[in-house]
S.K.: 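Handing you a structure now.
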Amino acid sequence: MTVHTVLEQDPSITLAEHDSATMDKTLARDANSLFDLELIRDRSLTDQDVAILNAFSHAMRPATLETAAEAAYQLDFFCPPLEEKKEAEDYLWQVWVLMLDIAQSPGVTSEIQGRLISVAENVRRVAKGELWGKRVWGDSPLLGDCIDMNWRDPAFESSLPRAQIVTPQRIEIWQNINNFLAQCLKAEVCGPMPWPWMPCAQGLRRRRRRRRVYLI
């Protein structure tokens with residue numbers, strides 16, 4: 001029985017009860033565990049973080065349309081009521097922060113990034129309501145702001161000596177986040193984009209147009 005089925009049968013289940021029932025299985029350390037990715041492993045995870053990561057992990061094992069939809073259901077289920085604006089805002093922010101940490105972590109695979117996109121596409125179909133005039137989850141509120149904070153080229157960070165900034169690890173993180181953002185823009189899951197992204201989006205559109213002309 002999946003977590004999705006359990007939640008449908010008993011929607012009154014609490015976060016603590018869900019974590020208690022699934023923690024041992026979901027946190028098992030295996031080669032494909034999201035919990036083993038470097039940027040996740042280095043975090044001090046809260047119960048809420050674990051629930052969010054459990055949802056994303058659910059979409060990986062197995063990687064099917066059904067598990068992506070179930071993962072989206074779980075992310076929505078644990079979101080506080082939108083009337084509790086501060087709690088809901090904190091939850092949405094943390095969903096995107098953890099998604100981006102997974103996507104840019106050293107050692108992440110393109111398959112994992114693709115599964116994250118599938119979950120994001122599915123959760124956008126959930127009509128929960130509105131927050132600050134934006135649809136939850138249709139407009140992916142706060143995702144653009146969260147990406148803007150993570151989209152930092154290490155070569156242009158001047159607070160440290162260059163040798164400490166441009167390390168193989170930070171180069172990989174920068175490459176991973178750019179690869180993931182390109183997928184996000186292509187799948188149109190980002191909602192309204194911060195202005196620095198616009199050249200990237202326009203470049204992707206031009207490439208697609210050129211590719212279509214070439215094929216014709």
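As a basis for the values below, the full set of heavy atoms in this structure was taken, side chains included, without hydrogen atoms, waters or symmetry mates. Bear in mind that the values here come from a model prediction, so they are computed numbers and not experimental data.
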S.K.: Considering non-hydrogen atoms only, spot the tightest contact between Leu82 and Ala88 and give its length.
M.R.: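 Looks like CD2-CB, 4.1 Å.
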S.K.: When you group the ILVMFWY residues by side-chain heavy-atom contacts below 4.5 Å and let the links chain together, are Val136 and Trp93 in the same group?
M.R.: yes
S.K.: Any donor and acceptor pair, going by atom type alone, linking the side chain of Tyr91 with main-chain N or O of Leu75 inside 3.5 Å?
M.R.: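 Yes; at least one donor-acceptor contact below 3.5 Å.
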S.K.: Distance from Met99 atom CE to Leu53 atom CG, nearest 0.5 Å?
M.R.: 12.5 Å
S.K.: Identify the two heavy atoms, one from Asp139 and one from Arg124, that lie closest to each other, and give their separation to 0.1 Å.
M.R.: CA-NH2, 4.3 Å
S.K.: Do you know the tightest heavy-atom contact between Ala71 and Val119?
M.R.: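 For Ala71 and Val119, the tightest heavy-atom pair comes out as CB-CG2, 3.9 Å.
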S.K.: Are Leu39 and Gln104 packed together at the side-chain level, in the sense that at least one heavy-atom pair is separated by less than 4.5 angstrom?
M.R.: yes
S.K.: Does any N or O in the side chain of Asp49 come within less than 3.5 Å of the main-chain N or O of Leu45, such that one atom is a donor and the other an acceptor?
M.R.: no
S.K.: Determine yes or no for a side-chain-to-main-chain donor-acceptor pair under 3.5 angstrom, with Gln113 supplying the side chain and Gln183 the backbone.
M.R.: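 Answer holds: no.
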S.K.: For Gly129, does its backbone N or O pair with a side-chain atom of Trp137 as donor and acceptor, under 3.5 Å?
M.R.: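 No, because the side chain of Trp137 does not come within donor-acceptor range (under 3.5 Å) of the backbone of Gly129.
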S.K.: So Trp174 and Asn178, do their side chains get closer than 4.5 Å, heavy atoms only?
M.R.: yes
S.K.: May I ask whether Ile173 and Leu98 are part of the same hydrophobic cluster, defined by side-chain heavy atoms of I, L, V, M, F, W, Y residues being less than 4.5 angstrom apart, directly or through others?
M.R.: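 No: no chain of side-chain contacts under 4.5 Å links Ile173 to Leu98.
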S.K.: Looking at Ala59, is its backbone amide N or carbonyl O close enough to the side chain of Arg115 to form a donor-acceptor pair, meaning the two atoms are under 3.5 Å apart?
M.R.: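 Yes; judged by distance alone, with no hydrogens or angles, the pair exists.
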S.K.: Checking Phe78 against Ile52 for the side-chain contact (heavy atoms from CB on, under 4.5 Å) test, could you report, in this order, the C-alpha distance in whole Å, the side-chain angles of both residues, the deciding distance, and whether it holds?
M.R.: CA-CA 8 Å; Phe78 288 116; Ile52 293 169; over 6 Å; no
S.K.: May I ask you to decide if Gln175's main-chain N or O and Asn179's side chain share a donor-acceptor pair within less than 3.5 Å?
M.R.: yes
S.K.: State the NZ-CH2 distance between Lys85 and Trp132, to the nearest 0.5 angstrom.
M.R.: 9.0 Å
S.K.: Specify the closest pair of heavy atoms between Ala55 and Gln74, including all atoms of both residues, with the distance to one decimal.
M.R.: CA-OE1, 3.5 Å
S.K.: With rounding to the nearest 0.5 Å, note down the distance linking SG in Cys184 to CD1 in Ile147.
M.R.: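 Answer rounded to 0.5 Å: 5.0 Å.
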S.K.: Ignoring hydrogens and geometry beyond distance, is a side-chain donor-acceptor pair present between Ser57 and Asn54 at under 3.5 Å?
M.R.: no
S.K.: In the structure I gave you, are the side-chain heavy atoms of Phe180 and Ile117 within less than 4.5 Å of one another anywhere?
M.R.: yes
S.K.: Does Gly144 offer a backbone N or O that forms a donor-acceptor pair with the side chain of Asp148 under 3.5 Å?
M.R.: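 No, Asp148 side chain to Gly144 backbone: no donor-acceptor pair under 3.5 Å.
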S.K.: Ignoring hydrogens and angles, tell me if any N or O in the side chain of Glu172 forms a donor-acceptor pair with the backbone of Gly107 under 3.5 Å.
M.R.: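 Pair found, side chain donor or acceptor close to backbone of Gly107.
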S.K.: Answer yes or no: is there a side-chain heavy-atom contact under 4.5 Å between Leu92 and Leu131?
M.R.: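 Yes, their side chains come closer than 4.5 Å.
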S.K.: Looking at every non-hydrogen atom in both residues, tell me the closest pair between Leu142 and Trp96 and how far apart they are.
M.R.: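 What the structure gives for the nearest pair is C-CD1, 3.8 Å.
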S.K.: Counting only N and O atoms by type, is there a donor-acceptor contact under 3.5 Å from the side chain of Arg135 to the main-chain atoms of Val126?
M.R.: no
S.K.: Can you tell me how far apart SG (Cys79) and CD (Glu84) are? Round to the nearest 0.5 Å.
M.R.: 9.5 Å
S.K.: Ignoring hydrogens and angles, tell me if any N or O in the side chain of Ser118 forms a donor-acceptor pair with the backbone of Ala68 under 3.5 Å.
M.R.: no
S.K.: Using a 4.5 Å cut-off on heavy atoms from C-beta on, say whether the side chain of Leu37 contacts that of Ile102.
M.R.: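 Touching, per the 4.5 Å side-chain cut-off.
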S.K.: Provide the closest heavy-atom pair for Glu38 versus Ser105 in the form atom of the first, atom of the second, distance.
M.R.: N-OG, 3.1 Å
S.K.: Using a strict threshold of under 4.0 Å (side-chain N to carboxylate O), is an ion pair present between Arg41 and Asp36?
M.R.: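 No salt bridge links Asp36 with Arg41.
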